[in-house]
*Asks:* 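Sharing a structure, written as structure tokens. Questions coming.
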Amino acid sequence: MKRTMNELFSDASVCAAPMFTSNLEKLWDNLDKSKYYDPDILIAKHTILPYYAPFLPSERFETLKKTLRVGNGSSVYMKLGKAASSLKSPQYLRYCPDCYEEEQGSLGVAYWHRTHQIEGVQVCHVHYCELMDSSIPIAQRKNKHAFYLLEKDAVNAEVLRNESIQNLDVPIFISKQTSYLLNHDLMPIGLEQLHSFYKNELLKRDLVTALGDVRINELKTQFNAYYGRGLLQSMNSYIDSEENHSWLHKLCRTPRVTCHPLRHILLLHFLGKEIIDIYGNHNSTSHPFLAQGLGCV
């Protein structure tokens, strides 16, 4: 396997990384600069960076892309704040049993889906069935050069369907919005623009004062009641009534820090909106506020 890594990345010490594959410039060089696998295409279609893109400052997004092109992918976790996040990644690679059966039948081989590996995603965005843990840990402490196919020895013999998920409305929304983020080449929106979008939507719900301040206590009460304690706690996103520095505060006050995409998705569902609504009628490679002179370049 080390010989293969050296042929692909010109470095036998490169390790397999399921989420943020790096050294993509070297890989592209060794693929004779194929137009089908240039670094930007690989980042967009084979890493989870697009999931974070809309909610990052443009400068940080470009820095992260450069890191995946020529740097060490492990540093991306630190730059995204994942190491310190209360939202932890799944321990094992996950799969949809219906996707597995369909792909085995039509392609002869099943494959891992990015959407299935994201925090907060409980069901498949296509089949709406509960995701299953495989036997493959995401963070490998040994065999770091190994590549694992989604084959029989990785799947659970006894497949349990989604009877354990009583209300599929929120899980399906999270799954579909996650898939949308990963597959639409979205550009950073900008923290100020995100803040303005949320504030306008809260204003429509009488959750903003005449002076322009968010009625945060009323919002917390309505938000917690909308989802319920159990669901929010399962995603480490419940806001205690006495808490004054929660992630919801960060999204609704003057933006200074980024917030995990799952929290944005939860707020959007509460507001009756989707990711596409933030971008308006502009396409995925355009910034929604360019016409106002506020666009990112």
*Asks:* Applying salt bridge (charged side-chain N to carboxylate O under 4.0 Å, His left out), can you list everything that pairs with K33, at least two apart in sequence or on another chain?
*Replies:*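 For K33, the residues satisfying salt bridge (charged side-chain N to carboxylate O under 4.0 Å, His left out) (neighbours in sequence not counted) are D29.
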*Asks:* With hydrophobic residues grouped by side-chain heavy-atom distances under 4.5 Å, do I43 and W28 end up in a single group?
*Replies:*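 I43 does not cluster with W28.
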*Asks:* Using modelled atom types and a 3.5 Å cut-off, is there a donor and acceptor pairing between side-chain atoms of D213 and backbone atoms of T209?
*Replies:* no
*Asks:* Can you give me the closest heavy-atom contact between P54 and L181, atom names plus distance?
*Replies:*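 For P54 and L181, the tightest heavy-atom pair comes out as CG-CD2, 3.6 Å.
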*Asks:* Following the transitive rule for hydrophobic clusters with a side-chain heavy-atom cut-off under 4.5 Å over Ile, Leu, Val, Met, Phe, Trp and Tyr, establish whether L27 and Y36 coincide in one cluster.
*Replies:* yes
*Asks:* Could you measure the distance from the SG atom of C96 to the CG atom of L150? Nearest 0.5 Å is fine.
*Replies:* 10.0 Å
*Asks:* Minimum heavy-atom separation for L266 and M235, please, with both atom names.
*Replies:* CD2-SD, 4.2 Å
*Asks:* Taking all atoms of both residues into account, what is the closest heavy-atom pair of R114 and P50, and its distance?
*Replies:* NH1-CG, 4.2 Å
*Asks:* Regarding T63 and K79, do their side chains bring together a donor and an acceptor under 3.5 Å, going by distance alone?
*Replies:*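 No - no donor-acceptor pair under 3.5 Å links their side chains.
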*Asks:* Has R94 got a side-chain atom pairing as donor or acceptor with I118's backbone, closer than 3.5 angstrom?
*Replies:* yes
*Asks:* Test of understanding: with side chain to side chain donor-acceptor pair (under 3.5 Å), list the residues that count as partners of Q233, not counting sequence neighbours.
*Replies:* none
*Asks:* Please confirm whether the backbone N or O of L186 pairs with a side-chain atom of H184, one donor and one acceptor, at under 3.5 Å?
*Replies:*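 No; zero donor-acceptor contacts below 3.5 Å.
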*Asks:* Would you say L219 ends up clustered with L231 if hydrophobic residues are merged whenever their side chains have heavy atoms under 4.5 Å apart, either directly or through other cluster members?
*Replies:* yes
*Asks:* Please find the pair of heavy atoms, one from P97 and one from M132, that lie closest to each other, and give the distance.
*Replies:* CD-CG, 3.8 Å
*Asks:* Keeping the roles fixed (side chain from T47, backbone from T21), state whether a donor-acceptor pair exists under 3.5 Å.
*Replies:* no
*Asks:* Output yes when a side-chain donor or acceptor of N23 lies under 3.5 Å from a complementary backbone atom of K26, and no otherwise.
*Replies:* no
*Asks:* Got a sec: does the CZ of F270 have more than 12 other heavy atoms crowding it under 6.0 Å?
*Replies:*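 Count over threshold, so yes.
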*Asks:* Whether the H127 and E102 side chains hold a donor-acceptor pair (N or O, under 3.5 Å, no angle test) is what I'd like checked.
*Replies:*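 Side-chain D/A pair, H127 to E102: present.
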*Asks:* Under the side chain to side chain contact (heavy atoms under 4.5 Å, CB included) test, which residues partner T258, sequence neighbours left out?
*Replies:* L56, P57, R60, L191
*Asks:* On the 0 to 90° scale, with breaks at 30° and 60°, tag the F20-Y52 ring pair as parallel, tilted or perpendicular.
*Replies:* tilted
*Asks:* Ignoring hydrogens, what is the shortest heavy-atom contact between C124 and L131? Give both atom names and the distance.
*Replies:*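 Looking at all heavy atoms of both residues, the shortest contact is N-CD2, 3.8 Å.
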*Asks:* Are any side-chain N or O atoms of Y279 and backbone N or O atoms of M187, one a donor and one an acceptor, separated by less than 3.5 Å?
*Replies:*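 Yes: the side chain of Y279 pairs with the backbone of M187.
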*Asks:* Can any side-chain N or O of W247 pair as donor or acceptor with the backbone N or O of H264 at less than 3.5 Å?
*Replies:*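 Judged by distance alone, no pair lies under 3.5 Å.
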*Asks:* State whether a side-chain donor-acceptor pair under 3.5 Å links H113 with E103.
*Replies:*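 Yes, because at least one side-chain N or O of H113 sits under 3.5 Å from a partner of the opposite role on E103.
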*Asks:* Of all residues at least two apart in sequence or in a different chain, which pass the salt bridge (charged side-chain N to carboxylate O under 4.0 Å, His left out) check with R69?
*Replies:* E25, D40
*Asks:* May I ask you to decide if G212's main-chain N or O and K199's side chain share a donor-acceptor pair within less than 3.5 Å?
*Replies:*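 Yes; at least one donor-acceptor contact below 3.5 Å.
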*Asks:* Verify the cluster assignment for L31 and L68: are they in a single hydrophobic cluster under the rule of side-chain heavy atoms below 4.5 Å apart?
*Replies:* yes
*Asks:* For Y227, give me all partners under side chain to side chain donor-acceptor pair (under 3.5 Å), at least two apart in sequence or on another chain.
*Replies:*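 Residues passing side chain to side chain donor-acceptor pair (under 3.5 Å) with Y227: none at all.
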*Asks:* If the condition is side chain to side chain contact (heavy atoms under 4.5 Å, CB included), which residues does K273 pass it with, not counting sequence neighbours?
*Replies:*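 In terms of side chain to side chain contact (heavy atoms under 4.5 Å, CB included), with neighbours along the sequence ignored, K273 is linked to F197, E201, L268, L271, D277.
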*Asks:* Could you check whether the rings of H245 and H249 sit parallel, tilted or perpendicular, using 30° and 60° as the cut-offs?
*Replies:*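 Rings of H245 and H249: tilted, as their planes differ by 30° to 60°.
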*Asks:* Roughly how far apart are K250 NZ and S246 OG, rounded to 0.5 Å?
*Replies:*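 Between K250 NZ and S246 OG, I get 8.5 Å after rounding to 0.5 Å.
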*Asks:* More than 12 heavy atoms of other residues, nucleotides or ligands under 6.0 Å from CZ of F173: is that the case?
*Replies:* yes
*Asks:* Main chain of I174, side chain of T178: is a donor-acceptor contact present, judged purely on distance under 3.5 Å?
*Replies:*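 Pair found, side chain donor or acceptor close to backbone of I174.
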*Asks:* Do the side chains of Y198 and Y226 join up, straight or via other hydrophobic residues, at under 4.5 Å, putting them in one cluster?
*Replies:*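 Y198 clusters together with Y226.
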*Asks:* So, H125 side chain and I172 main chain: donor-acceptor pair closer than 3.5 Å or not?
*Replies:* no
*Asks:* Would you name the heavy atoms of I239 and N224 that are closest together and state the gap between them?
*Replies:* O-ND2, 2.7 Å
